[in-house]
Amino acid sequence: MKYLTKLEGEEREFTIERHGDRLVARSGDRTFALDMALVGDGDTFSLLVDGRSYDVVADVQREEVVLQMLGERYAVHVEDERERAAHAVAGHKAGGRRELRAAMPGIVVDVKVAEGSQVEEGQTLVVLEAMKMQNPLVAESAGRVSRVLCKKGEAVAGGALLLEME
Amino acid sequence: MKYLTKLEGEEREFTIERHGDRLVARSGDRTFALDMALVGDGDTFSLLVDGRSYDVVADVQREEVVLQMLGERYAVHVEDERERAAHAVAGHKAGGRRELRAAMPGIVVDVKVAEGSQVEEGQTLVVLEAMKMQNPLVAESAGRVSRVLCKKGEAVAGGALLLEME
Amino acid sequence: MPAIRRILVANRGEIALRVIRTAQEMGIETVAVYSDADRTALHVRRATHAVHLGGSKPSESYLDIGKVVAAAKKSGCDALHPGYGFLSENEDAAQACIDAGVEFLGPPPPAILAMGDKVEARKIAMKAGVPLVPGLQEEVDEARLAAAAKQVGYPVMLKAAAGGGGKGIRIVREEKQLLEAFHMARAEAKGAFGDDRVYLEKFVTRPRHVEIQVMADKHGNVVHYGERECSVQRRHQKLVEESPCIALSPEVRAQMGKAACDLARAVGYVGAGTVEFLYSEGRFYFLEMNTRLQVEHPVTEMRYGVDLVREQIRVGAGEKLAPVAEPRGHSIEVRVNAEDPNTYFPSLGRITRLNMPGGPGVRLDSALFRGMEVTPFYDSMLAKLVVHGADREQAIARCQRALRELRIVGVSTSLPVALRTLQSDEFRSGDYDTGILDRIDKRPPASRRELAMLAAAAARFLVTERVGAGAGGTRAQGDAAPRWAMLGRVERLRRSTP
Amino acid sequence: MPAIRRILVANRGEIALRVIRTAQEMGIETVAVYSDADRTALHVRRATHAVHLGGSKPSESYLDIGKVVAAAKKSGCDALHPGYGFLSENEDAAQACIDAGVEFLGPPPPAILAMGDKVEARKIAMKAGVPLVPGLQEEVDEARLAAAAKQVGYPVMLKAAAGGGGKGIRIVREEKQLLEAFHMARAEAKGAFGDDRVYLEKFVTRPRHVEIQVMADKHGNVVHYGERECSVQRRHQKLVEESPCIALSPEVRAQMGKAACDLARAVGYVGAGTVEFLYSEGRFYFLEMNTRLQVEHPVTEMRYGVDLVREQIRVGAGEKLAPVAEPRGHSIEVRVNAEDPNTYFPSLGRITRLNMPGGPGVRLDSALFRGMEVTPFYDSMLAKLVVHGADREQAIARCQRALRELRIVGVSTSLPVALRTLQSDEFRSGDYDTGILDRIDKRPPASRRELAMLAAAAARFLVTERVGAGAGGTRAQGDAAPRWAMLGRVERLRRSTP
């Protein structure tokens, strides 16, 4: 099976095949001998790559694979061949619309913009209070606020859509 | 619901009822106010008995409840009213037959008796090797060996019936 | 003074557990208090008794002096330990305990009041001969703000007068940011402390945050247990602390210790306290005194072989301070917060896996358990990892080893940032200041990223393969979620709703 | 001597992890070896490299000198750490390492050989002026057995000449038990060590088992790190160890330390070793020398602030021993075995829950993880809980506290027995001997039993109630297993079969 992996702007393609107890992974002209065993408690792998040992906790939710290994945490996007083909057909539907979502549950203590506001990159749009900290949520790039979906004093869930920009 | 509990030869009867968020337990003329909450990870209870706090891990397998609390481990037999009635009907089918079972997986390194042997209390019947220790399994009381179900050199599973006595 | 037999632990999380542990070792009973959200929290399960206070908001439970002190009285407690945060620096709580005949395991109310007001504290420090950072010794208002800042000179800091723990602090580098920062600092101060007074001082360049642990008994004895270096901070919240601070000369260390003890004496201090200083280029300046046990107190405990909570309880019972042992080796603490490692936003969720570190020289203080829900109601600190080694190099290596062993799955944590800090040349050299975290690249090393991508692809391969085999070669719905992930969901459904 | 850059860890379980931890802290790579049963064991996952050896039986893997040394060579290791058990006291293994140019982190083969043969060891000790228990200094055979026992006087002990760790030891109180005990001791000795020679000695009354930790470098320096008291034993397997031993006077302690160092010098010792003594009524007798790191070495580490594995590696690299620090406080270790608390039979199964202890002064050395299968192939020890306190009383209280925090579900363990030991008047008084465990009531205190029965009834009530509610008021099959138990089963099914 062929996989396209993406991590923080980088991409790598791997072809993985089973050879008996072992797996063989290829990327470009390099080959890795893998011995990968699921540990008893379900979300952990013991991974040997050419004899080097890694203890990997993996949360695999379809294309989103969140790993913990060597003290690091990685959110890797992994598409297999079929998914890649499907995504190519679906095309890029997202367009120019951008969303501001609450990164965590909290209380909206201030909304600094209104529908139609022109904002600059870095400008504070909404102030969200969570865990007793005031967190200013800022515009990632310049644009126009097309919809405001929250109001001052409102409690919002994590991931809630707060406003949309164009 | 009424429960008969047995632990190491002692018996206690409890009647437990729900009163809103709390439970009330009665045993004889005593009453206990219980606040019992299942902890997020599924096999642990936070139990408050008249305000005293206990952290209880409970493995409930029908009538067998294995508890860990305050550093101790308890295997408590708990029958509810219906089970008690059902057991009374079933009667005492066990009779005078006694079994010797392997307390753990191991290798039978010696069988010291044959079918028909008369044995005394404390006499070694079978020697089982497990975890590199030789464990002599002895007769709990005097009797006659009616069946021998294992032989020297044989590997046996935990709980395997090794011999029967009358 | 009567012996202490039962203590009300007026807190939650790891610090409540910390107090319960020592009390248990001393044969003292403990009464936990809890909010709705904390019914199954570990501090409730480990205490000998537990009393429900009220709603999950702190104001309805842990901050409600009336409820807390009533619980102490009703449950027959002869003492109350406030932990840190919540009521620990609240003189009304201390007074309410005294009025109820319950020993408050902290300083007398006047000492809390004096040190709690940062403006007042600076005046007392000045009088006691403790050096101060240049700035205004009083509260500023909006009208005088710009003029005052200009007079002190940018960059300046705005700090909550009632503050502590980094809340309500803003650094301002130029006048145009001044007004918004002032309003935010006041809003945060109001929210966190119910008091929106803010004062202003010079922002010292390349400062290190160094603090002295002091302890005083009721017989007039004041001792200190050396210093802690707490310069690794983000958003003015400490992340990594160590002891000793290698920047201090023996002379400066001795002066700092003496200054801390002088201040404690000047306010009639009793119990455990911490005097915080800024250190820069051979000089130190008084910042504030925290009139409670500090989060990072284990760093001191491991070096001095002392149990500071035990000393607090002994002092509360009227006993004299035990002699201070010679410090040994080096220790480091890492705070593990539930937060996004890049944005520092809180990360909420359920802990689905917990691997604890072990082996020599490692201590973990936490109230974490598998299945625990990280809620938005309370502080985001999940655990404190503390290590001790023969010297600084060994302590740093040990801390990295333990950080790799400690695994928390279910929320994002500050663990990777702490690991990167310990690996950085700047931290390892020892020549760092409070700006260190801004200079550290928080991304995983490039060399590891490809490996992670390979592991991720292989994990998907294996899961897909197992699902195929496990389901007898068929799949229920085309691109079904792996059986494996399903099991994860089933487990999540187990959550308690009693 | 070249620096050590990569170590083959020729062991499994907690001791393999112990070595890996120190190596990691020293920046040294580690190569784990593993049997079929240990593919996903923690030592494999924590090492930097891993090499498969063979079948799950020790003889096919960890005991196979050829395979182990070949793995060391092939993976480019410059040293090998044998841990304890397996090849740690095998002079052929040590020689094979030397022949392969791999530093064996243990004593030279002649020292292993001399101390490994208990008859030979007694001769050397006698020559070095170390006091001995009265008995036969040579192997006994069946023909001379009864006469020899009568001569020494009952009770007598039969001990494997090649023994260690309590295996192949029998106490015989009267002649009619002698023959069966002799055969069993020989069979066990044969099985455990491949050598069925047995010797005989007087059984000392009310003996305490006290041992000295020694360390020697390649420059002729020999030091000791005081004693460990290991009298809490069942079936000659230690269960609780402490340091210091409160029965020793400073004079006896000094004599014992000197005797241990004298013996180490007499055999040209290098590395870590333990000299075991019986102590009774002011006198001590040499028992044996264990030419390896001992299970209970952390008790010493916590008191002396030393990392003995680090010292082993340093000595192996040709460095000189670091000076021995002054000991501080008191420490206690509890071995946690998978066993029935009453019969001491091994308990096998899968670990479904693991709560680790934490807080001040607590160390856990284990290779346990949730989901781990306890198999019959290896030793039943799951973990070592070690605590340190300012004095013995505090250490005992702390150990009890930590024992209650440590929870292992899925197998029975020795934890309740250890807790009862620490709570007993005999242990707390300090006036105990190797018979203590036979005198302690291992049943939970009567006062607690009713509470357990109440909790069990309440647990059933709650589970029944929840299943009713969760299934919308209906039950699939009459008296269905609770949903809750079902979930447990699903989790068990997750077990790896890759």
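Basis for what follows: all heavy atoms, side chains included, without hydrogens, waters or symmetry-related copies. Within every chain, numbering begins at 1; the chains are lettered A, B, ... in the order of the sequence lines, protein sequences first and strands thereafter. Since the structure is predicted, the reported quantities are computational estimates derived from the model, not experimental observations.
Counting heavy atoms of neighbouring residues, nucleotides and ligands inside a 6.0 Å radius, atom NZ of Lys442(C) exceeds 12 of them. Within 6.0 Å of CD on Glu174(C) lie more than 12 heavy atoms contributed by other residues, nucleotides or ligands. Environment of CZ in Arg173(C): sparse, with no more than 12 heavy atoms of neighbouring residues, nucleotides or ligands closer than 6.0 Å. Heavy atoms from other residues, nucleotides or ligands lying under 6.0 Å from CD of Glu180(C) number 12 at most.
Between Arg448(C) and Glu72(A) there is no salt bridge, since none of the side-chain N atoms of the basic residue sits less than 4.0 Å from a carboxylate O of the acidic one. With respect to the salt-bridge test (charged N to carboxylate O, under 4.0 angstrom), the residues Arg404(C) and Asp55(A) do not qualify. Look at Glu64(A) and Arg460(C) and you find no salt bridge, because none of the NZ, NE, NH1 or NH2 atoms lies under 4.0 Å from a carboxylate O.
In this structure, chain C has a heavy atom under 4.5 Å from the side chain of Leu47(A), while its backbone stays farther away. Using a 4.5 Å cut-off between heavy atoms, Arg26(A) makes no contact with chain C at all. Contact annotation for Ser412(C): both backbone and side-chain heavy atoms come within less than 4.5 Å of a heavy atom of chain A. Both the backbone and the side chain of Glu10(A) come within less than 4.5 Å of a heavy atom of chain C. Only the side chain of Lys112(A) comes within contact range of chain C, judged by heavy atoms closer than 4.5 Å. Contacts between Leu454(C) and chain A at a heavy-atom distance below 4.5 Å involve backbone atoms as well as side-chain atoms. Contacts between Leu70(A) and chain C at a heavy-atom distance below 4.5 Å involve backbone atoms as well as side-chain atoms. Using a 4.5 Å cut-off between heavy atoms, Gln400(C) makes no contact with chain A at all. Interface residue Ala187(C): backbone and side-chain heavy atoms are both found under 4.5 Å from chain A.
Of all non-hydrogen atoms in Leu67(A) and Ala456(C), the two that sit nearest each other are CD1-N, 3.8 Å. Glu17(A) approaches Phe461(C) most closely through the heavy-atom pair C-CZ, 4.3 Å. Nearest heavy-atom pair across Phe45(A) and Leu462(C) is CE2-CD2, 3.2 Å.
At least one donor-acceptor pair closer than 3.5 Å links the side chain of Gln68(A) to the backbone N or O of Ile408(C).
The CG atom of Leu451(C) sits 4.0 Å away from atom CE of Met69(A), with the distance rounded to the nearest 0.5 Å. Remark: Asp43(A) CG to Arg407(C) CZ distance equals 9.0 Å, nearest 0.5 Å.
Within the 4.5 Å cutoff, no side-chain heavy atoms of Glu450(C) are placed close to those of Leu7(A). Side-chain contact between Ser27(A) and Met453(C) is absent, with no heavy atoms from C-beta onward closer than 4.5 Å.
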### Query
Which is it for Arg73(A) and Thr413(C) under the side chain to side chain contact (heavy atoms under 4.5 Å, CB included) test, yes or no, and what are the steps along the way?
CA-CA 9 Å; Arg73(A) 186 172 187 273; Thr413(C) 72; over 6 Å; no
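Ranked by heavy-atom pairs shorter than 4.5 Å toward chain A, the options Ala455(C), Ala452(C), Pro416(C) are led by Ala452(C). Interface remark: of the candidates Val109(A), Val66(A), Val78(A), Val78(A) forms the most heavy-atom pairs closer than 4.5 Å to chain C.
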